[in-house]
Amino acid sequence: MAGLQERTRFEPGEVEPRIARRWLESGLHHPDPDGTPEENYSIAIPPPNVTGTLHMGHALNGSIQDCLIRWARGEGRRAKWILGTDHAGIATQTQVEKLLRSEGTSREELGREAFVQRVWRWREEYGGQIVEQLKRLGASCDYDDERFTMDEAYAAAVQRVFCDLHDQGLIYRDNYLVNWDPGSGSAISDLEVEQREGVRDTLFHIRYSDEVVVATVRPETMLADTAVAVHPDDERHRHLVGTTVTLPLVGRELPVIADEHVDPAFGTGCLKITPGHDPNDFEIGRRHGLAEIGVIGEDGLMTPAAGRFAGMTVERAREAIVAELDAQGLIVAREEHIHTVPFSHRSGRRIEPLISLQWFMRMDELAGPAIEAVTSGRIAIHPESQSRRYVEWLESIRPWCVSRQLWWGHQLPVWYRDDETYVGTTPPAGDGWERDPDVLDTWFSSGLWPFATLGWPDATPELRAFYPTDVLSTARDILFLWVARMVMLGLRFTEQVPFEHVYVHSVIQAPDGRRMSKSLGTGIDPLDVIDEHGADAVRFGLLAMSSTQDVRYSPEKVRQGQALANKLFNAARLILATADGELAAPRPTTVEDRWILSRLERARADAAARIAEFDFAKLALGLYDFVYGELCDWYLELIKGRERDAELSATLLFVLRETLLLAHPVMPFVTEEIWQHVGGRGPDEGLLARARRGPAIPELVDERAEAEVGRLIETVRAVRAWREDNGVRDVLVAREDGLGEVRDAVARLARLEWGEPDGELVVVGGLEIGAPEVDAAEVARAREAERGRLRSEVARAEGKLANEGFVAKAPAAVVEAEREKLERLRAELEAL
RNA sequence: GGGCGGUUAGCUCAGCUGGUCAGAGCGCCUGCCUUACAAGCAGGAGGUCACUGGUUCGAACCCAGUACCGCCCACCA
């Protein structure tokens, strides 16, 4: 390893692989399962899809979680970041099917068993890339204990939960209208449906009888109509209720029913009821006991129930039906209709609602406790505004369709024989049983994530030590899809909340405000950015960008992080070149020592507060401010002229150590690299990642030192600004004015000599400075400008104080402050 | 159709329960190779805080409305 002094720049490309290897070899990320969940710290990573690669969202969330985990380690806690990947049913199956197609074969050709084996093989080969990519980010997950939602033990937990819920009557099989996704050839849950706005369709007005004209954008579904509905209060149609109309093309008699759902103002006020292919109509149908006819099959073709249209595709059938209706003159109007239409989130295909025999999970009984966990505060959601969304969603929760017509996933532990159904974790005895081919919704298995990863249902040491977990950090879009379900299942099966805090982070948008997405070409690959700027820079940048609301990606923040890493590196070089000796308690001997220790103490307290409130942007930016604005700009400049002694060394090394520890959760690589060059580390402190932050020392906060150095800073700045304005570079003579301990420092930084100034006298930053070479007229003009500024400020303050309302109603302290300000301004004006 | 959030310097964003709150980083301008860092240092310019009313002694901050932008939820054919 090269010495620190030979390099003037922090080179992430050289340092990161070396440091990452040391961390991995050290085993620091794999804590022993000792102690209690209260004293330990754990986070279960939102398991990325096995097919996935690292995107900005992962990088942000990884930075957040690693920051929390490393912060906890710095407290000396056993910290476990539970790692694993999700088998991601539809996504993975789709990916492998695509591969098969390119090989000229297909899932069907292979058959189920071979296909599933093929997916496993695919996973061996290509899966889990993302885990390697997390290492690049510096994420200190527990790589020694990686899980997969299809692992044997995990699968057993899934089956167990399914069977238990079935035995408890919460899981049942039913014919129900589901969201059929023609893309994946499976039912999907409500949450996987995206309501797309602004879809243009033709609304056909079709005459069913002299008095009944209905409107629909899906004429082909008329074949499945089983009623016509009108609003019960609709005067125009009330007399029709109880009569029937004849369904054109089919000849079926349809009862006219009355239902509140019908909007009398829409179209003619008559609504065709198609329980088999429309969610609303399905509800109405169930209310009125109507027959449920399915004319569109799961294969996307018209079913035998469609009569002479059977076998046609939906599109063909529509054309044929419209043509026949036209021929009979039954289409009375066509108009363009713009409305919202459901699409599959997975495949992007338009949802085909149809009735299907599926497995469902009743949620009402589970929702209550999950709501209570949040309203009672046992689970805190950050930002708080998200908890209302969570509660409202749970309050109106509907049954969850958990079966999927896929091959890749947890196959249902269900067997059928004739009319018998068997549900159990082991196959039934006897012959003739056939297993249900369906698999479970991926979110069913990931709903068990925080405890199934730790070995549940067995009472493992890991479960005892790390469950419940502390924090669950995630993006907003899976609050319902995943987080709510973990809470429900966690409470049901472990009788504990699965985590105490939910942090909902922002979504990073593309710089132009669009979504970052591969298909839009707006994605930015975090690995590219790591290559270019380093992992510390990316972590800092993403944290600094993060917010409670969505933010645009800003490369400047990453560069700011890179600058900070470099700054830390160089500050360390200076400190280590200046200080010798060992790490020790600080023994401040000067005002600047007391000042930096005071500022450091505040920075540490501030960082702790930011972590506690999940404010990562302020954590990162606060760190930047401390390192740049205080440590480097002032303290390190102040000690440059100073004689080296043991006391200075002690303070420098103390400040360095605590600053590194403070910055480490945000920028682990550069801080670890520096640490390796600090002498006199303790026996357990070979790695910064393992070292413990020193305890808070409130006594280090020193208001007097802060005031004195504050005065110094103000004075130096004023003199520098004045020099710039007047183009004066020479050393100047100034009359010393009660600067006390900081007089020499001011003189050095402002390039002054104390003495009796002669020539033109200027007052700068409260000092009288002799400025021989300055143009007197120029000085006078500057002085006049300053006078003008002060006068207007004085006038403003006077006006305020002359205002009776202000003096009478404003708090005394505010009025007093205004008076003092006025005094000060007047004094300054006087001095000029 | 409901609900939520946003609109502050050229850009990306901070500004807590109203009273030095008009800020930061980047960009821009000026001057510096000052022996940790030129990926640096010092200094500077730049904003009617979306708009319109209101409340208040006082509003970027509170209230109402308007205009854009974004997100979530929703069964109107």
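Numbered from 1 within each chain, the chains take letters A, B, ... in sequence-line order. Everything numeric in this text was worked out from a predicted model, so none of it was measured.
Comparing the C1' positions of A59(B) and U8(B) gives a spacing of 14 Å, expressed to the nearest Å. Comparing the same atom, P, in C51(B) and in C73(B) gives a spacing of 33 Å after rounding to whole Å. With C1' as the reference atom, A42(B) and U48(B) are 32 Å apart, rounded to whole Å. Atom name C1', nucleotides A74(B) and C62(B): the rounded distance is 32 Å, in whole Å. Taking atom C1' in both A60(B) and G47(B), the straight-line distance is 11 Å, to the nearest Å. Distance noted for atom C1' between G6(B) and U34(B): 46 Å (whole Å).
Counting any heavy atom pair closer than 4.0 Å across all strands shown, F204(A) reaches no nucleic acid atom. Counting any heavy atom pair closer than 4.0 Å across all strands shown, C270(A) reaches no nucleic acid atom. Among the atoms of the strands shown, only primed sugar atoms or phosphate atoms (P, OP1, OP2) are found under 4.0 Å from some heavy atom of R717(A). Nucleic acid contact class of D263(A) (heavy atoms, under 4.0 Å, all strands): base. H261(A) comes within 4.0 angstrom of a nucleotide base, judged by non-hydrogen atoms across all strands. Using a 4.0 Å heavy-atom distance criterion, R388(A) is classed as a sugar-phosphate-only contact. Counting non-hydrogen atoms under 4.0 angstrom, A721(A) reaches the backbone sugars and phosphates but no base.
The side chain of Y624(A) has C26(B) as its nearest neighbour among C26(B), A42(B), C37(B). Closest approach to the T340(A) side chain among A74(B), A36(B), C4(B) is made by A74(B) (side chain taken as heavy atoms from C-beta onward). Relative to the side chain of Q560(A), the nucleotides A39(B), G25(B), A36(B) differ in distance, and G25(B) lies closest.
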Pairs: protein N or O with nucleotides 28-32 of chain B N or O, under 3.5 Å:
from, atom 1, to, atom 2, distance (Å)
G31(B), O3', R729(A), NH2, 3.1
G31(B), O2', R729(A), NH2, 3.3

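Side-chain contact check for E192(A) and H345(A): no donor-acceptor pair (N or O, by modelled atom type) lies under 3.5 Å.
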* Protein-to-nucleotide contact annotation, 5' to 3' order, nucleotides 7-20 of chain B [B base; S sugar-phosphate only; - none; under 4.0 Å, heavy atom] -> -----BSSS---BB
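Straight-line distance from the CZ atom of R389(A) to the C1' atom of G3(B): 10 Å, rounded to whole Å. The CZ atom of R476(A) sits 10 Å away from the C1' atom of C4(B) (whole-angstrom rounding). Computed from coordinates, the D633(A) CG to A24(B) P distance equals 13 Å when rounded to whole Å. One can place CZ of F282(A) at 18 Å from C1' of C76(B), the figure rounded to the nearest angstrom. For F540(A) and A24(B), the CZ to P distance is 15 Å, given to the nearest whole Å.
Taking the six-membered ring where the residue is Trp, the centroids of F282(A) and Y176(A) are separated by under 6.0 Å.
Scanning atom types as modelled, one donor and one acceptor separated by under 3.5 angstrom connect the side chain of E637(A) and the base of A36(B).
Between the side chain of N570(A) and the backbone N or O of T8(A) there is at least one donor-acceptor pair closer than 3.5 Å.
A cation-pi geometry, defined here as NZ or CZ lying under 6.0 Å from the six-membered ring centre and within 45° of its normal, does not hold between K272(A) and Y208(A).
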* **Bracket notation of RNA chain B in which parentheses pair within the strand, [ ] cross earlier pairs, and | pairs with another strand (Watson-Crick or G-U, under 3.5 Å)** => (((((((..((((.....[...)))).(((((.......))))).....(((((..]....))))))))))))....
